[in-house]
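Just below is one structure, and these are the notes that go with it.
Proteins get letters first, then strands, A, B, ... in listed order; numbering begins at 1 in each.
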Protein chains: 2
Amino acid sequence: MIRTTPRDVFAALQAHGHKLTQPRRLVIETLVDQSRAMTANDLHQVLAERGVSLASIYRTLELMSELHLAEPVHQSGDEARYIACRPEHHHHIICTGCWRVADVDSCLLEPVANAIHEQSHFDVESHILEFYGRCAACRR
Amino acid sequence: MIRTTPRDVFAALQAHGHKLTQPRRLVIETLVDQSRAMTANDLHQVLAERGVSLASIYRTLELMSELHLAEPVHQSGDEARYIACRPEHHHHIICTGCWRVADVDSCLLEPVANAIHEQSHFDVESHILEFYGRCAACRR
DNA sequence: CTGGTTGCAAAATTTTTGCACACTC
DNA sequence: GAGTGTGCAAAAATTTTGCAACCAG
């Protein structure tokens with residue numbers, strides 16, 4: 001399973017000229033450590049007592065997204081949820097009970113994209129593939 | 001290509017005891033005819049002059065979703081976009097230029113779900129798979 | 001030091017809802 | 001006629017932004 005680490009994220013941020021502030025550090029550490037898809041509010045509940053504002057959480061999540069250090073979950077209800085992950089192309093299996101995430105390494109869809117092109121004359125530029133289910137714990 | 005029709009949608013609504021009002025009829029006809037992923041505002045721009053309120057548009061889209069007569073697009077930006085489609089399991093290829101939609105009939109993912117189960121011990125209950133690209137027209 | 005980053009509060013956006021009236025069946 | 005559905009306007013909820021103060025490099 002290809003997980004990321006806070007160190008990887010810090011390094012990537014700094015490589016792009018961003019500063020490593022306390023609020024950022026805390027958001028990143030929390031999101032990575034939980035390996036769950038979290039909302040801004042989830043993070044704020046954990047980090048408010050340490051003085052991290054909701055605005056900084058939103059700003060950090062957006063920054064991580066831009067640098068492909070986090071990805072939004074597409075079936076997330078009203079609030080956006082984010083997963084800390086590595087920039088390489090891969091997919092997730094996400095528990096809709098606890099929002100814990102596992103990686104799906106292989107991407108079997110390149111041949112499908114070609115088939116679609118022949119059928120529909122669309123150039124396929126990207127795709128979303130996410131699996132939802134129940135992890136062993138939530139299944140009880 | 002498996003498209004739906006306004007008639008199909010009307011029939012399904014009535015089969016579930018819902019009335020066929022003028023605002024509903026117009027929303028459904030517009031969404032089906034365009035075969036594009038549309039936002040509530042897109043629909044309102046077309047239908048406001050015919051007296052259809054934004055509230056009714058939202059309510060109709062939600063009703064269609066519940067009955068699996070429409071599906072939300074998961075990579076849609078700030079506003080939710082909906083596609084009128086048939087209830088059967090299938091996938092879409094969506095143009096990010098004009099939001100026109102084509103269907104992808106085959107679903108190749110059942111075997112993948114089993115592989116995931118063995119890897120991660122998640123029960124896979126559902127998945128999102130959407131392709132994004134450029135249709136021939138938007139490619140210019 | 002210097003400019004990026006933060007927290008706060010206000011604003012912006014999208015979506016939902018209460019209610020009186022209207023329309024479908 | 002009964003009860004669902006509508007429009008309007010206000011409310012809710014999430015996310016974004018302006019600005020003065022602050023901190024990392």
So among B:M64, B:H68, B:H90, which one has a side-chain contact (heavy atoms from CB on, under 4.5 Å) with B:C85?
B:H90

D:dT16 OP1/OP2 closer than 4.0 Å to side-chain N/O of A:Y58
no

Could you state the atom-to-atom distance from CD1 of B:I57 to P of D:dC8 in whole Å?
11 Å

Using heavy atoms to find the nearest nucleotide of DNA chain C for B:D78 and B:L20 separately, return the residue whose nucleotide is more 5′.
B:D78

Taking C:dG7, D:dT15, D:dT6 as options, the one with an atom nearest any side-chain atom of B:P23 is D:dT6

Any chance the side chains of A:D8 and A:T5 put a donor and an acceptor closer than 3.5 Å?
yes

Look at B:Q14 and C:dC25 and indicate whether a side-chain polar atom (N or O) is within less than 4.0 Å of OP1 or OP2.
yes

Just to be sure I understand the rule, does B:G17 reach a base, reach only the sugar-phosphate, or reach nothing, if contact means heavy atoms closer than 4.0 Å?
nothing

Separation of C:dG7 C1' from A:Q22 CD (nearest whole Å)
15 Å

Return the value, rounded to whole Å, for the distance between atom CG of B:L61 and atom P of D:dG5.
15 Å

Which atom names give the shortest non-hydrogen contact between B:V52 and B:H44, and what distance separates them?
O-CD2, 3.2 Å

B:R100 atom CZ, neighbour heavy-atom count above 12 within 6.0 Å:
no

A:K19 has its side chain closest, among C:dG7, C:dT17, D:dA24, to D:dA24

Expressed in angstrom and rounded to an integer, what is the separation of A:R24 atom CZ from C:dG7 atom P?
11 Å

Length of the CG-C1' vector between A:L26 and C:dT6, whole Å
13 Å

Contact under 4.0 Å: A:H18 side-chain N or O vs C:dT5 OP1/OP2:
yes

Is A:R59 close enough to C:dT5 that one of its side-chain N or O atoms is under 4.0 Å from OP1 or OP2 there?
no

Given D:dT6, is OP1 or OP2 found less than 4.0 Å from the side-chain N or O atoms of B:T21?
yes

Atom-to-atom span, CG of A:L54 to P of D:dT15 - whole angstrom:
9 Å

Taken to the nearest whole Å, CZ/B:F10 to P/C:dT24 is 13 Å

How do B:E62 and A:G51 order along DNA chain C: which one's closest nucleotide is nearer the 5' end?
A:G51

List the atom of B:L31, the atom of B:I83, and the distance in Å for their closest heavy-atom pair.
CD2-C, 4.4 Å

Quick one: A:L63 CG to D:dT16 P, roughly how many Å, whole number?
13 Å

What nucleic acid atoms does A:A80 come within less than 4.0 Å of, heavy atoms only: base, sugar-phosphate, or nothing?
sugar-phosphate

